[in-house]
Amino acid sequence: MKFLVTAIAASFIAALAAVRCAAGQAQGTATTKTCVVPSHNDSKTDDSDSILSALRSCNNGVGGRVLFSPDVTYTVAKAMDLTFLRDIHVEIAGTILFTDDTDYWQANAFPLGFQNATSFFKLGGSGVEVSGGGTLDGNGQVWYDLYARDIYAKRPVLVALDGLHNSTIRDLHLVNSPFWFHLVANSTDITFSGITIDVASTSSNPAKNGDGWDTYRSSHITIRDSQIHNSDDCVSFKPNSTFITVKNLVCVGSHGVSVGSLGQYPGETDIVEHIYVHNVTMIDTTYGARIKTWPGLASELSGELQGGGGLGRVHNITYKSMHVHNVTSLVLIDQCYGQSNATLCEENPSNITISGINVSNVLPF
Ligand SMILES: *[C@@H]1O[C@H](CO)[C@@H](O)[C@H](O)[C@H]1NC(C)=O
Ligand SMILES: *[C@@H]1O[C@H](CO)[C@@H](O)[C@H](O)[C@H]1NC(C)=O
Ligand SMILES: *[C@@H]1O[C@H](CO)[C@@H](O)[C@H](O)[C@H]1NC(C)=O
Ligand SMILES: *[C@@H]1O[C@H](CO)[C@@H](O)[C@H](O)[C@H]1NC(C)=O
Ligand SMILES: *[C@@H]1O[C@H](CO)[C@@H](O)[C@H](O)[C@H]1NC(C)=O
Ligand SMILES: *[C@@H]1O[C@H](CO)[C@@H](O)[C@H](O)[C@H]1NC(C)=O
Ligand SMILES: *[C@@H]1O[C@H](CO)[C@@H](O)[C@H](O)[C@H]1NC(C)=O
Ligand SMILES: *[C@@H]1O[C@H](CO)[C@@H](O)[C@H](O)[C@H]1NC(C)=O
Ligand SMILES: *[C@@H]1O[C@H](CO)[C@@H](O)[C@H](O)[C@H]1NC(C)=O
Ligand SMILES: *[C@@H]1O[C@H](CO)[C@@H](O)[C@H](O)[C@H]1NC(C)=O
Ligand SMILES: *[C@@H]1O[C@H](CO)[C@@H](O)[C@H](O)[C@H]1NC(C)=O
């Protein structure tokens, strides 16, 4: 009986696909237009105008394709607002290098409105497919050294989504982000896969805050089949992240897969629910599963750790099958995040409720 149902469903989908394909050809929309992005290929001269014009020329076309050629470095020296993308395939086979002009970026990167994050570019629109096996290089070293002198330096996120829907991002190598590697904001129905993340400082100043992914004001996001080598959260669910799936990741040297921090901003309501984390391998990480909420009173512990007094809930979070090797704390629920004064937290407990947390099948190897 079960077999019969499956067979009928499969032929029904095949028939639908055939109709859609024929309709596309009839309207003349199935042809592929390719825009190859030219480059100075000298790792110095700005290529952002060429990038913008290729994306504009091949936008809005079913099958429109923009190619960043292999063996070429594209230099980006200007902030790019890429929130106009519709039905486009962006194939990055070469390297995109963001300049190390920290003064320019601090003045011109897009402010993202949360924890002082900014970004080199922001991606938005719908029907966007990014792939190609190429590299995005955030030139992080200057930022790690700058942070050591100024903790308030506005550091850009390497890949920022702001209002992107129904899109996929896959097969990319991301290196040395100044700050988090991804911020997924205001977005829905996004799948990331085949992403490799590497961060390393060559000076005595560590690469700070290099989270793999942070999700924010977003739902129906999948992050899968990727390898992360970093020193902060592997994935972190920031305020208003719902229906997020994380699976088949390898997280090396990270702080684990975290909910939060939540409740940092007084009076704001932060919601994280319906999260499914499955088959994640944690190697040399400080935590496996972590939930961080601020106390119920705004207070300042240090320049970077100030906040508390927010409201909200954490609900229906599943961590299933965590393969762990050299993980310091497997599960940590911290309701006094960003504060070292336990008395203060006891007197002002966090206003974020936590329920429906299920961690199962933790497998040391
Ligand atoms: C781009 O520059 C690199 C490094 O100089 C060189 O190896 C590569 O062949 C160049 N690519 C093209 C397409 O000329
Ligand atoms: C997300 O959308 C909100 C509401 O439209 C807007 O205020 C905000 O700037 C957008 N971007 C981010 C990163 O939150
Ligand atoms: C953001 O930067 C300002 C200084 O520009 C600082 O006062 C504030 O604490 C920072 N906020 C966070 C959350 O780091
Ligand atoms: C999502 O995008 C794909 C192209 O990547 C398109 O074929 C599909 O129709 C879109 N779906 C919706 C619901 O917009
Ligand atoms: C998160 O969602 C809650 C409930 O809808 C809303 O009150 C709050 O403003 C949202 N926060 C952000 C940062 O969008
Ligand atoms: C679990 O993830 C690993 C990659 O880390 C993958 O090789 C393996 O096939 C996944 N297992 C399942 C059951 O999906
Ligand atoms: C709990 O979250 C999972 C994963 O996102 C979702 O599939 C499920 O429907 C949620 N359960 C409830 C009762 O909301
Ligand atoms: C265990 O992981 C920690 C990082 O959490 C690392 O500093 C340490 O070197 C690792 N130990 C071994 C034996 O690899
Ligand atoms: C800790 O918090 C309590 C309650 O707010 C306060 O009385 C005490 O002075 C604080 N201790 C320190 C060391 O700041
Ligand atoms: C938030 O927590 C504080 C300290 O526990 C409490 O005084 C306050 O009433 C709470 N606010 C809400 C809206 O629950
Ligand atoms: C937690 O997850 C495990 C594994 O999926 C399941 O067997 C168990 O019933 C769940 N527990 C609760 C309380 O939902």
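As the structure lists them, so they are numbered: ligands from 1, and atoms in each ligand from 1.
- Under the 4.5 Å side-chain heavy-atom criterion for ILVMFWY residues, a single connected hydrophobic cluster contains both Leu161 and Val90.
- For the pair Lys122 and Phe110, the cation-pi criterion (under 6.0 Å, within 45° of the ring axis) is fulfilled.
- When each of Phe179, Phe120, Trp143 is tested with Trp105 by the rule ring-ring contact (aromatic ring centres under 6.0 Å, His included), just one qualifies, namely Phe120.
- Protein residues having a heavy atom under 4.0 Å from any atom of ligand 2 are Leu112, Asp162, Ala185, Asn186, Tyr216, Arg217, listed by chain and number.
- Checking only distances, Asn279 does come within under 3.5 Å of ligand 6, N or O to N or O.
- A salt bridge links Asp49 and Lys78; the closest N-O separation between the charged side-chain nitrogens and carboxylate oxygens is under 4.0 Å.
- The N/O atoms of Thr328, backbone and side chain alike, include none that comes under 3.5 Å of an N/O atom in ligand 8.
- Distances below 4.0 Å separate heavy atoms of Asn326 from the following atoms of ligand 8: 1 (C), 2 (O), 3 (C), 8 (C), 10 (C), 11 (N), 12 (C), 14 (O).
- Rounding to the nearest 0.5 angstrom, the gap separating the CG atom in Leu183 from the OG1 atom in Thr215 is 8.5 Å.
- At a 4.0 Å heavy-atom cut-off, ligand 6 touches Val250 through the side chain alone.
- Screening residues 300-355 for disulfide bond (SG atoms under 2.5 Å apart) gives Cys336-Cys345 as the qualifying pairs, with residues at least two apart or on separate chains.
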Subject >> Trace of the side chain to side chain donor-acceptor pair (under 3.5 Å) decision for Asn279 with Ser321 >> reply: CA-CA 5 Å; Asn279 185 33; Ser321 303; over 6 Å; no

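- Rounding to the nearest 0.5 Å places OG of Ser69 at 3.5 Å from OH of Tyr74.
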